[in-house]
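Counting from 1, the numbers follow the sequence of the chain as shown.
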Amino acid sequence: MRGTFEVAVIGAGVGGLCLAQGLHRAGVRVTVYERDLTPANRLQGYRLHINPLGAQALRECLSPELWQAFLATTGRGGLDFVFMTEQLKPLIKLEADRRDANWRDHHSVSRITLRQILLTGLGEVVRFGRTFERYERTADGRITIHFADGSTATADVLVAADGSGSRVRQQYLPRAERIDTGITRVAGKFPLDEETKRQVPAQLYEGLTNIVPARGYSMFCAPHDFGGDAVVLPGGIGASERDGAMHDNTSSYVLWAFGAETRHFPENAATLPGAEIRELVLRMVADWHPDLLRMITMTDPDTVSLLPIRSAVPAEPWPATNITLLGDAIHTMAPHLGLGANTALRDAGLLCRELSAAAAGDTDVVAAIGAYERQMSEYGFAAVRDSLRTARRFVTRSPLARRGFRAFLRTAQRIPALKERAFGAGAA
């Protein structure tokens with residue numbers, strides 16, 4: 001299949017919308033089907049760290065105007081990374097490598113704002129209120145998509161971008177498994193203003209911080225600081241769409257994320273209100289430094305959420321067809337390396353290039369999808385393995401392993417050659 005064809009994308013998340021933007025710009029017919037009734041139905045209020053690979057995909061898929069809108073609405077996220085004990089004693093500092101030409105391509109952006117950008121100009125492309133149920137192949141090789149409301153749609157290419165619970169994946173690759181990692185993550189937003197900045201150490205709002213306590217918990221802190229008033233662009237990009245601190249797009253904050261083995265939480269933890277989840281965390285970390293306890297205590301409970309962490313099991317290679325997958329639909333990963341959204345964006349950029357080449361007549365669609373899947377499977381499942389290994393290391397209950405890791409970090413801080421070998425040129 002070469003030349004003119006139509007692509008159906010299931011799911012209007014970051015990856016699916018980035019792909020739609022790129023295909024739409026390239027003149028490829030694309031329609032996105034999203035189960036939510038409106039864009040504001042299921043807002044996710046935390047920041048994302050966009051790394052150079054994610055930024056490259058956005059730059060390629062967005063129009064120049066939307067890329068500039070992205071740059072204009074990002075916050076300062078801090079680039080230097082410090083590991084500290086739970087008593088806020090430094091273990092190692094990894095400074096951003098400003099010799100790297102891509103070092104400025106790290107961005108802190110609200111998920112809500114990024115989705116606003118990605119939806120811009122796609123009014124005729126995105127169809128809300130369409131819950132995918134199943135697909136079937138027609139006699140001519142096209143795909144008929146069945147939705148919960150009884151409607152159908154037909155396309156030449158079907159892309160699953162419908163998240164870790166992907167119904168497309170369940171039908172297409174039923175042996176592609178997801179596992180419960182046994183790890184639970186709690187996140188919250190500590191508000192940043194001149195008064196609250198006096199309540200906590202500057203490192204917690206100026207850079208990235210990983211707390212490595214003596215026993216099996218972890219905490220990650222990342223600022224989303226506008227350095228003044230947030231930018232709100234025409235069309236509402238950067239504006240809040242819903243009341244409440246969780247969905248406030250215009251205020252600065254520190255995102256903190258606490259991780260622990262799920263067995264440390266009550267069975268009903270996922271159903272508890274934010275105030276009770278916050279108290280659970282405070283009891284677990286009662287002997288941590290008072291400044292960390294103050295940061296958690298001062299967090300608005302409406303911004304506190306709990307999420308059990310699931311991860312993909314790397315799948316065996318499968319033959320390419322006119323159905324493919326991107327993002328969490330194929331490589332769900334633990335959040336501990338911040339690779340999930342960036343990998344989805346990388347998928348979108350790569351798949352857009354391959355499908356655009358097929359639309360231009362340079363290759364066959366199935367060959368284009370095969371080329372995409374070979375690369376995506378390699379880097380995507382590598383990210384899955386690295387993220388899961390990191391997540392388990394940071395919640396280990398082994399005192400010996402934890403002491404060894406902290407000792408290694410202290411040693412690397414003292415020995416530049418070891419630090420550079422372990423963490424890269426920018427760490428020296």
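Between the side chain of R169 and the backbone N or O of S164, at least one donor-acceptor pair lies under 3.5 Å. Put simply, the side chain of T299 gets close to the backbone of M295: a donor and an acceptor are under 3.5 Å apart. No side-chain donor-acceptor contact under 3.5 Å links K189 to the backbone of V254. Side-chain atoms of Q116 come within 3.5 Å of backbone atoms of G238 as a donor-acceptor pair (strictly under, hydrogens ignored). Remark: side-chain polar atoms of R402 are paired, donor with acceptor, to backbone N or O of P213 under 3.5 angstrom. The main-chain N or O of T297 is found under 3.5 Å from a side-chain atom of R278 such that the two form a donor-acceptor pair. A donor-acceptor contact shorter than 3.5 Å links the side chain of R294 to the backbone of Q199. A side-chain donor-acceptor contact under 3.5 Å links Q170 to the backbone of G165. Listed for the T181 side chain is a donor-acceptor partner under 3.5 Å among the backbone atoms of I309. In this structure, T271 contributes its side chain and N268 its backbone to a donor-acceptor pair below 3.5 Å.
Rounded to the nearest 0.5 Å, atoms OG1 (T390) and CG (L337) are 4.0 Å apart. Distance check, rounded to the nearest 0.5 Å: CG of N51 to OG1 of T343 gives 7.5 Å. Distance check: L233 CG to T120 OG1 gives 9.0 Å after rounding to the nearest 0.5 Å. Rounding to the nearest 0.5 Å places CD of E133 at 12.0 Å from OG1 of T152. For the atom pair OG1 of T131 and CZ of R167, the computed distance is 6.5 Å after rounding to the nearest 0.5 Å. Rounding to the nearest 0.5 angstrom, the gap separating the CE atom in M333 from the CG atom in D386 is 9.5 Å.
Between G227 and S252, the shortest heavy-atom distance links the atoms N-OG, 4.3 Å. Pairing each heavy atom of L23 with each of S356, the nearest pair is CD2-OG, 4.2 Å. Shortest non-hydrogen contact noted between W318 and A315 is CZ3-CB, 4.1 Å. Considering all non-hydrogen atoms of both residues, A348 and L326 come closest at CA-CD2, 4.4 Å. Scanning all heavy atoms of the two residues, the minimum distance from L280 to P266 falls at CD1-CD, 3.8 Å. Minimum interatomic distance between R115 and P39 (heavy atoms only, all atoms of both residues): NH1-O, 2.8 Å.
With hydrogens and angles left out, the side-chain atoms of E261 and T184 include no donor and acceptor closer than 3.5 Å. Under 3.5 Å, the side chains of D248 and S251 contain a donor-acceptor pair of N or O atoms. Using modelled atom types, one finds no donor on one side chain facing an acceptor on the other under 3.5 Å when comparing E241 with H247. Between the side chains of N249 and S240, no donor-acceptor pair of N or O atoms lies under 3.5 Å. Donor-acceptor pairing under 3.5 Å is lacking for the side chains of N322 and R142. Side-chain contact annotation: S166 with D162, donor-acceptor N/O pair under 3.5 Å present. No side-chain donor-acceptor contact under 3.5 Å links T74 and S108. In this model, a donor atom of one side chain and an acceptor atom of the other lie less than 3.5 Å apart for Y46 and S305.
Ring planes of F81 and F83: parallel class, angle under 30° (limits at 30 and 60°).
Contact of the L62 side chain with the L118 side chain is registered, since non-hydrogen atoms from C-beta on lie closer than 4.5 Å. The closest side-chain heavy-atom distance from R392 to I183 is below 4.5 Å. No side-chain heavy atom of F258 sits under 4.5 Å from any side-chain heavy atom of V304. Y253 has its side chain within reach of R47: a pair of non-hydrogen atoms, C-beta onward, lies under 4.5 Å apart. Residues I369 and V157 meet the side-chain proximity criterion, which asks for heavy atoms closer than 4.5 Å. Side chains of E34 and R130 form no contact here, defined as non-hydrogen atoms less than 4.5 Å apart. The shortest side-chain heavy-atom distance between E6 and V30 does not fall under the 4.5 Å cut-off. Contact check for M219 versus W288: side-chain heavy atoms found under the 4.5 Å cut-off.
F5 does not carry R29 over the face of its six-membered ring by the limits of under 6.0 Å from the centre and within 45° of the normal. The cationic atom of R393 (NZ for Lys, CZ for Arg) lies less than 6.0 Å from the six-membered ring centre of F405 and within 45° of the ring axis.
For H106 and H49, the distance between ring centers is under 6.0 angstrom. Aromatic rings from F220 and H336 are positioned such that their centres are separated by 6.0 Å or more.
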Q) Could you walk me through whether R353 and E60 pass the salt bridge (charged side-chain N to carboxylate O under 4.0 Å, His left out) check? A) CA-CA 9 Å; R353 290 195 296 274; E60 289 178 1; 2.6 Å; yes
Q: Determine, stepwise, if the pair V384 / S311 fulfils side chain to side chain contact (heavy atoms under 4.5 Å, CB included).
A: CA-CA 7 Å; V384 168; S311 178; 3.6 Å; yes
Q: Could you give me the CA-CA distance, side-chain angles and deciding distance for V212 and Y217, then say whether side chain to side chain contact (heavy atoms under 4.5 Å, CB included) is met?
A: CA-CA 7 Å; V212 186; Y217 304 137; over 6 Å; no
(Q) Let's go through L71 and W67 carefully: what are the C-alpha distance in whole Å and the side-chain angles of both, what is the deciding distance for side chain to side chain contact (heavy atoms under 4.5 Å, CB included) to 0.1 Å, and is it a yes or a no? (A) CA-CA 6 Å; L71 294 178; W67 171 248; 3.5 Å; yes
Q. For E136 and I143, what are the C-alpha separation, side-chain angles and deciding distance, and is it a side chain to side chain contact (heavy atoms under 4.5 Å, CB included)?
A. CA-CA 6 Å; E136 61 183 1; I143 300 166; over 6 Å; no
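Surrounding CG of D140 are more than 12 heavy atoms belonging to other residues, nucleotides or ligands, all under 6.0 Å away. More than 12 heavy atoms of other shown residues, nucleotides or ligands fall within 6.0 angstrom of atom CG in D193. Annotation for R175: atom CZ does not count as buried by contact number, only 12 or fewer foreign heavy atoms lying within 6.0 Å.
Here the rule is ring pair (Phe, Tyr, Trp, His ring centres under 6.0 Å) with Y33, and of F132, F147, Y135 only F147 fits it.
Remark: L122 engages L17, A20, Q21, H24, V125, V126 in a side chain to side chain contact (heavy atoms under 4.5 Å, CB included) (not counting sequence neighbours).
A salt bridge links D225 to K197: one of the charged nitrogens lies within less than 4.0 Å of a carboxylate oxygen.
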